[in-house]
*Asks:* 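Below you will find the structure I want to go over with you.
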Amino acid sequence: MTKILGIETSCDETGIAIYDEELGITAHQLYSQVEMHGEYGGVVPELASRDHVRKIIPLVDATLQEAGIQPNQLSAIAYTQGPGLIGALLVGATVGQSLAYAWNLPSIGIHHLEGHLLAPMLEEDKPDYPFLALLVSGGHTLLVDVAGLGEYQIIGESIDDAAGEAFDKTAKIMGLDYPGGPILAKLAEQGADIGMRFPRPMTDRPGLDFSFSGLKTFAANKIAASDGSHESKANIARAFQEAVVDTLAIKCKRAIKQTGRKSLVVAGGVSANISLRAKLAELMQQCSGQVYYPRTEYCTDNGAMIAYAG
Ligand code: KG4
Ligand code: ZN
């Protein structure tokens with residue numbers, strides 16, 4: 001039975017996993033560098049590369065051990081080819097190709113976003129093709145019409161900041177810790193609806209593209225005008241999150257109308273956002289369709305999605 005070793009090193013997570021065609025994911029190891037980068041308030045690319053170098057081989061060993069298999073039982077090695085931090089990607093590609101050469105296996109370069117897009121396929125409740133996909137990560141915001149495996153058409157994308165980037169940058173402006181996105185989201189849950197309304201960028205004109213860079217400026221102005229209390233910050237976080245979620249939902253609704261798809265896949269780091277999940281579930285219920293997500297640990301970067309794509 002086909003067994004693929006997946007290697008993900010595009011940013012600040014070293015993720016290694018094994019996908020077995022019959023059994024699904026049989027091993028999954030993840031090392032996050034979040035603590036190391038936290039000191040600097042963001043990912044330091046050179047430190048990321050060096051840490052991948054330190055962690056990758058022990059993690060491959062641990063993954064093989066967890067699956068209880070030897071390298072000669074593998075069918076292929078899949079690694080993230082890009083996009084991502086070039087030094088970090090080079091570590092995964094070098095190790096992946098070298099192991100493949102040494103173990104006489106084929107190696108497969110995977111597009112990071114295809115990995116994210118296919119992550120919901122690892123769930124029991126998974127979509128059938130075709131479907132519409134909303135990819136919301138730290139680097140990308142894409143609406144993709146997926147006709148089948150490998151048949152992707154991008155029908156909308158952000159013309160500036162990605163949704164996750166908007167969360168991260170706004171969190172930084174608000175003085176929140178790194179990684180900002182999930183911390184801002186948590187703060188938003190404590191906020192009250194005080195009638196503060198952020199704009200819903202690019203929803204007043206036709207099309208499926210996004211723009212999120214204006215929201216951080218709007219947030220900065222709201223922060224400057226506030227009393228700086230925890231309560232005001234939480235209220236601003238809530239209004240900001242509502243604007244991002246609403247904007248994403250409005251474009252999803254348009255894309256569903258345009259494509260006639262009945263299933264919506266939501267993946268990438270921001271798909272972990274509880275408020276976004278609730279909103280899109282509601283939307284798809286209205287459209288008599290269904291929304292699909294990866295489990296939370298497969299929303300952010302991981303080796304499982306790369307192994308599966310492989
Ligand atoms: O997919 P991912 O792990 O890495 C990229 O490929 O970019 O996504 C990371 C992004 C970050 O911008 C992070 O702030 C955001 O996902 N994120 C969230 C949440 N969890 C992660 N944004 C909003 N709410 C969350 N709960
Ligand atoms: Zn990612």
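This chain uses plain numbering: 1 for the first residue, then up along the sequence. Numbering of ligands and ligand atoms starts at 1, following listing order.
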*Asks:* Starting from atom 12 (O) of ligand 1, locate the nearest protein heavy atom and write down its residue, its atom name and how far away it is, to 0.1 Å.
*Replies:*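 It is D168 OD2, 2.6 Å.
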*Asks:* Which residue owns the protein heavy atom closest to atom 6 (O) of ligand 1, what's the atom, and how far is it?
*Replies:*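 Going atom by atom, the protein heavy atom closest to atom 6 (O) of ligand 1 ends up being H112 NE2, 3.1 Å.
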*Asks:* Could you find the nearest protein heavy atom to atom 2 (P) of ligand 1 and give me its residue, atom name and distance?
*Replies:*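 Among all protein heavy atoms, the one nearest atom 2 (P) of ligand 1 is D301 OD1, 3.5 Å.
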*Asks:* Could you please spell out the steps behind the side-chain contact (heavy atoms from CB on, under 4.5 Å) verdict for T247 and F198?
*Replies:* CA-CA 10 Å; T247 305; F198 276 57; over 6 Å; no
*Asks:* Between G164 and ligand 1, does any nitrogen or oxygen pair lie at a separation below 3.5 Å?
*Replies:*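 Yes - when backbone and side-chain N and O of G164 are compared with those of ligand 1, one distance drops under 3.5 Å.
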*Asks:* Of all N, O or S atoms in D301, identify the one at the shortest distance from the Zn ion (ligand 2).
*Replies:*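 The Zn ion (ligand 2) is closest to the D301 atom OD1, counting only N, O or S.
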*Asks:* Angle between ring planes, F131 versus Y129, binned at 30° and 60°: parallel, tilted or perpendicular?
*Replies:*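 The rings of F131 and Y129 lie parallel, inter-plane angle below 30°.
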*Asks:* Which heavy atom in H140 sits nearest to a heavy atom in A162, and how many Å separate them?
*Replies:*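 Heavy-atom minimum between the residues: N-CB, 3.4 Å.
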*Asks:* Is it the case that ligand 1 has an N or O less than 3.5 angstrom from some N or O of G138?
*Replies:*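 Yes, there is a polar N/O contact under 3.5 Å.
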*Asks:* Please determine whether H116 has a backbone or side-chain N, O or S atom lying under 2.8 Å from the Zn ion (ligand 2).
*Replies:*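 A backbone or side-chain N, O or S atom of H116 is under 2.8 Å from the Zn ion (ligand 2).
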*Asks:* Could you establish whether G180 and ligand 1 come within less than 4.0 Å of each other, counting only heavy atoms on the residue side?
*Replies:*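 For ligand 1, residue contact (heavy atoms, under 4.0 Å) with G180 is absent.
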*Asks:* Under 3.5 Å between any N/O of G269 and any N/O of ligand 1: does that happen in this structure?
*Replies:*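 Checking ligand 1 against G269, an N or O pair does fall under 3.5 Å apart.
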